[in-house]
Amino acid sequence: MLIDFILVIAGIVVFMIPAILQKERRSQFKNDFSRYFSRLAVLSGLFVSVVELVILISDFEDRIQKADVKSIISSSTELFLLIFVRLRPALVGILLKLIMIPFTKKKNDNPKNQNSQEDLFAILSPREKEVARLAARGYSNAQIAEELFISVETVKRHMATIFEKLGIESRTQLH
C-alpha cells in the first residue's frame, strides 16, 4: 500500500511538470492548486493501476499458455483477486481527491451578494454557467475550451450570450 501511495505521488509530480513549465498554465496552477492536485491524484492513480493491470494480464496470459485446465480455473480466481489489488493506486488517487475537497471549496464572504449573483446566473444555461464561472476565475478562452472539451469558437459564442443575458460588457463584471 505504501508503494502505491509513493507511485501515485510520483505520478502527480510528473503530471505537474508541464503545468509548471507552461507560462499560461502556471498562474492557473498557482491560483487553483488544490483542485489541480486532486485531479492529478485521480489521474495518476488510474495511470498506475492501468500499468499494473497490463503487467498482470500479460503475466496471466503467459501462465495460461503453460498450464492445464485445473490450474487455469484456480488462476482465474487468483486473477480476479489480483485485479482488485492492482486497483489500489486508483483508490489512493480517489482518496487524495476526497482529502482535498475541503481545500477546493470557496467561502462565502457576503451571502447577500452571493444570492443576487445566483439570481442573475439563473437565466444562464448550465453550460453558460460553467463557462461564466471559469471566465470569472480568470481562465482564457483557450483554457476554458480545454477544460470543458469544446472549441474556442464555442467558448466565444457562450461568452457573447452570457454578456448579452447578464447585460455586461467585460469578464471583470462576472466577479
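The structure displayed is predicted, hence computed values, not measured ones.
Of all non-hydrogen atoms in Glu169 and Phe163, the two that sit nearest each other are O-CE2, 3.9 Å. Across Gln143 and Gly138, no two heavy atoms sit closer than the pair OE1-O, 4.2 Å.
Cluster annotation: Ile168 and Ile144 are assigned to the same hydrophobic cluster (Ile/Leu/Val/Met/Phe/Trp/Tyr, side-chain heavy-atom contacts under 4.5 Å, transitive).
Every residue two or more places apart in sequence or in another chain that forms a salt bridge (charged side-chain N to carboxylate O under 4.0 Å, His left out) with Glu153 is listed here: Lys156. Scanning for side-chain contact (heavy atoms from CB on, under 4.5 Å) contacts around Lys129 gives Leu124, Arg133, with sequence neighbours left out.
Between Leu174 and Ile162, the closest side-chain pair of non-hydrogen atoms falls below 4.5 Å.
No donor-acceptor pair closer than 3.5 Å links the side chain of Arg127 to the backbone N or O of His158.
A distance of 10.0 Å separates OG of Ser140 from CG of Leu134, quoted to the nearest 0.5 Å.
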